[in-house]
Structure formats: structure tokens, C-alpha cells
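Input: a single structure, listed below in C-alpha cells.
The structure presented is a predicted model; accordingly, all values stated were derived computationally and were not measured. Naming convention: chains lettered A, B, ... in sequence-line order (proteins, then strands); numbering from 1 in each chain.
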There are 2 protein chains.
Amino acid sequence: MLSFTEENYLKCIYHLAEGGAKAVLTNEIADSMNTKAASVTDMIKKLSGKSYIAYEKYYGVKMTKLGKAKALSIIRKHRLWETFLVQKLKFSWDEVHEIAEQLEHIQSPLLIEKLDEFLNYPKADPHGEPIPDRHGKVELPAQGCLLEQPLGYVGNVVAVKDSDSNLLKYLNKIGTIPGKKVELIGKEQYDESLEIIVDKKKLTISKSVAQNILVAV
Amino acid sequence: MLSFTEENYLKCIYHLAEGGAKAVLTNEIADSMNTKAASVTDMIKKLSGKSYIAYEKYYGVKMTKLGKAKALSIIRKHRLWETFLVQKLKFSWDEVHEIAEQLEHIQSPLLIEKLDEFLNYPKADPHGEPIPDRHGKVELPAQGCLLEQPLGYVGNVVAVKDSDSNLLKYLNKIGTIPGKKVELIGKEQYDESLEIIVDKKKLTISKSVAQNILVAV
DNA sequence: ATATTTTTTTAGACCCGTCTAAACTTTTAT
DNA sequence: ATAAAAGTTTAGACGGGTCTAAAAAAATAT
Ligand SMILES: [Mn+2]
Ligand SMILES: [Mn+2]
Ligand SMILES: [Mn+2]
Ligand SMILES: [Mn+2]
């Protein structure tokens, strides 16, 4: 059985590898986990010893089939718990990520199946991220970062990055939440800020905000 | 913030001290935690260093006010989660203890308040054990172990010990669950087994079962 | 009162996850 | 092609929690 720490590394690597496909470098992991490269190297050895990742010295790691499955099961738990917290316990969407970071490590397959049933098999979490099914299958809709869309783009918000509570509060305030239609009417090249229309209101958002909004393409 | 291990020790000591009152010896803790006396001594030093217990070398430990409050908050979480699992997720009462052992360590005061509200402020968990309120206040009804009741005793089951899943399955089968009336009609002195009436049916239960049934007195 | 048994504590070791500092490899710049 | 810079790994240390074996204290028996 994996420790909390091992599970967190695995999830982190999965995300950095964008679904477990591409290789991930030591320093990327270190940055993302707020730790030091030396610690990452140690953990990498452990996880590759357990066959969750394939490790090539100096060239980073790739996830194995086993590693991807494990990461997806943790992500499934995380997103189901977030959904529970918002739908059943009436948390707001900016309060749930930290709690789900803890709950995702609870070990009980039956618990997750029952929770899934209780929530009526939701397809996405409160931030629009897809919830993998019990077999680890996850269908991600054709989506792209709002920042990278061309001038004139019109489409719906699919999901938002959920790890920054203040960002979520802000997105809620300006109305760019999953399901909402956005229109991209201006791109300022100087600071990469965007001018958009949401709810028939024109507003400007900074690059760092636009990076965290995923839209249908 | 306490580690899982520290929290588990604290809860264990609280239970052994029967509500934090009496002193608890090193070996009692070691037995109860399935660990060695030497490990217990180490942990005792740590917890007393943090003022959760008062430690007198060779004479055991007593809980401080702080320690009792902390233990009660963990017990509150444990019992609320058990209630959630049975009432909302439809677990049977013999499946929830192990999962609650994990969930009790989740850190989020708001989560527990919202869970409490969601469950409509339950007074007791699925095994009949009282749930401390948010201030750590717990009203334990006048109760005693069925084994120690006199011949002819008649009264209701208040609670049962929940840590053995097989015991719970058995108690469920014979019908001695919280709320049920039991009548004590025979005490066999040889093996301390009891003859009781439940649901108008006469049956014999062993000492080890009778020890785990708490009745109103 | 002394010896024996039981309980508790200490000493020293191990694994986990982390860190800093130093060594090493790869990449980039000249 | 060589030097400098950047990235990665290794070496050694530390705190947390556990263990075994040995020492010390308390309880019990004679
Ligand atoms: Mn999240
Ligand atoms: Mn986590
Ligand atoms: Mn329990
Ligand atoms: Mn526990």
C-alpha cells in the first residue's frame, strides 16, 4: 500500500505528464511539489522500484500502466469528494480542494463506489473536471486554454483549475464558471490580457487568469 | 498539529482512562495499540511534552484538559462519520468502524460542522455510542455492562462495542441492538454465560459477548 | 528483609521522508 | 571544441515512529 506521500507524488507526476503520456523532469516535480530535487530523486527511485513509473537517470520519468491506474483512482476519489462537499454539504467551490486533498487518501473501494452512487454517478466535479469511472476511464472533452484561443472565439467554459481558492472566488465573481458562454473580443499583446464577454458584460482578464480557464474547442 | 499516530494514542488513552479520569499504565496502552512498551514510553514523552497528558515515570499517565478536548474531538468525528456511512451511504453497522478510523483524522472544523448539520445533529452513532457536541460535551446515559447486571434485570440495550465486525454481525443476528429490550433470566457461573430474552426468544450468550453489550441501568 | 518477578525505561538500531552540500551529467554559450 | 551554466544524483544528516535487548525501578513472594 502506498503512503500519502507516494500517492501525492504519483498524482503530481500524472498531471505534469498531461495524462501520463509525456516524460516529466525531476525539477518540474520538485517545483510542483514544493520540495527539493534531491527529495524527488529519492521518491522517484522508490516509485520506480514499485513499478509505478519508469525512470531513466537524468532523463526524467514516465508513468507505467499501473501508475496511471493508481493516479486515476486517486483523482477519481478527489473529484467525487469535491462533488460531495459542494452538492451535499453545501460548501462553496473554493473551499473544497484542500479538504479533498486529504479525503482522496482514504482507503476503501466500497466507500468510493457507494459515494459515487449516492451522488448519482456525476460526470464532472464542481470545477468542471471529469471524474474517471471505476475502471479509470476518463473522457476529456475537446478543450483548450482560453488564453490560447484565437480572437473572435466563442464557446463555453468547460472547467477551471481548482487549486487556488482566491482564483475560484474571483472566477465566481466575474461569472466565468463551467457552462458559461464566453466571447473573446480582444487580445492585448503587451501583457497578454484578454477582453471577453460573459453574461453580456465586457471585461478584461489578466493572462494568469486566462491560463486557468478551459473552454470547449 | 498532531500526527495520525499521536491522535490514535490520545484516543486510546482516553478510552482506557474511561473518559480521561483515571491513570493509564504503559503496558495497557501497548496492549491496546498492538505495539511495544518501549514505543509507548516514547510517545508518552512526546504527548506530555505537548501538554496533552501528564506523565509520572513508572506510574502511568493522566489526560489533561487539553488532551480530553482533543480526544473528544476525534471521537466526535469518528462517530459522525460512522453515522454518515450508515445513514447516507447505506453501509451496514459492521462495516463502518475501520473506515471511520481513517476519516476521524481529516482536518477541517467546518467539514465536521457541516456534516453534523447534514446528519441533523445525531445524538448517537450506529452502535449507540453518544456523539460529543461541538464543545466536546457528551452526555452518557446511565449504563452498565450486561454481564454485570443482576439476575432478573430488564432494560434496553443502549450501545454495543463496535471494533469487532464479526461481533456486530452476530449481535445483529440475535437482535441485541441499541433500543431492544433484554431480560436477564439466567447466569451460569461456570463460564459466566447468560441466558436472556430478546424479541420474546430465549437464548444463551457467552461472557465475551455479554461484555460488549451496554444496557440502561 | 531479601530475593524474585513484573513493569517500565533507556540505548541503540532501522525505515521513511526530508534537507543541504558536493559531485556528476547534460545542455547551452562562446 | 571548450567553457560555463543548468539540471540531476549522491552522500550524509535529521526527526518521526518503530523495534529488540539491556538496565532500572516497582511490586510481589519468601
Ligand atoms: Mn481539487
Ligand atoms: Mn493529497
Ligand atoms: Mn467505531
Ligand atoms: Mn484512527
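Contact detail for A:E129 and A:V160: the closest heavy-atom pair is OE2-O, 3.7 Å.
Within the nucleic acid shown, B:T26 comes within 4.0 Å of sugar-phosphate atoms alone, with no base atom in reach, counting heavy atoms only.
Remark: P of D:dT10 and CD1 of A:I44 are 11 Å apart, rounded to the nearest angstrom. Rounded to whole Å, atom P of D:dA6 lies 17 Å from atom CD of A:E28. Distance B:Y9 OH to D:dG16 P: 15 Å, rounded to the nearest Å. Rounded to whole Å, atom P of D:dA21 lies 17 Å from atom CG of B:D42. Between the CE atom of B:M43 and the C1' atom of C:dT9 there is a distance of 16 Å, rounded to whole Å. When the C1' atom of D:dT10 is taken as reference, atom NZ of A:K45 falls 7 Å away, rounded to whole Å. Rounded to whole Å, atom C1' of D:dT9 lies 15 Å from atom CD of A:E56. We find that NZ of A:K57 is positioned 10 Å from C1' of C:dT25, with the value rounded to whole Å.
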- Checking side chain to side chain contact (heavy atoms under 4.5 Å, CB included) for the pair A:K77/A:S73: CA distance, chi angles, key distance, verdict? CA-CA 6 Å; A:K77 290 191 276 181; A:S73 113; 4.3 Å; yes
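Ring centroids of B:H97 and B:H78 are separated by less than 6.0 Å, placing the two rings close together.
Remark: B:N27 is not in phosphate contact with C:dT6, judged by side-chain N or O atoms under 4.0 Å from OP1 or OP2. For B:Y58, no side-chain nitrogen or oxygen approaches OP1 or OP2 of C:dT6 to under 4.0 Å. Regarding contacts with the backbone of C:dT8, every side-chain N or O of B:K36 stays at 4.0 angstrom or more from both OP1 and OP2. Dashed line: the shortest gap from a side-chain N or O of B:T35 to OP1 or OP2 of D:dC19 is under 4.0 Å. Proximity of A:S3 to the phosphate of C:dC16: no side-chain N or O atom is located under 4.0 Å from OP1 or OP2. Residue B:S39 places at least one side-chain N or O closer than 4.0 Å to OP1 or OP2 of D:dC19.
Out of D:dT8, D:dT18, C:dT26, the shortest distance to the side chain of B:T5 is found at D:dT18.
A donor-acceptor contact shorter than 3.5 Å links the side chain of A:Q102 to the backbone of B:Q107.
Between the side chains of A:E95 and A:S92, at least one donor-acceptor pair of N or O atoms lies under 3.5 Å.
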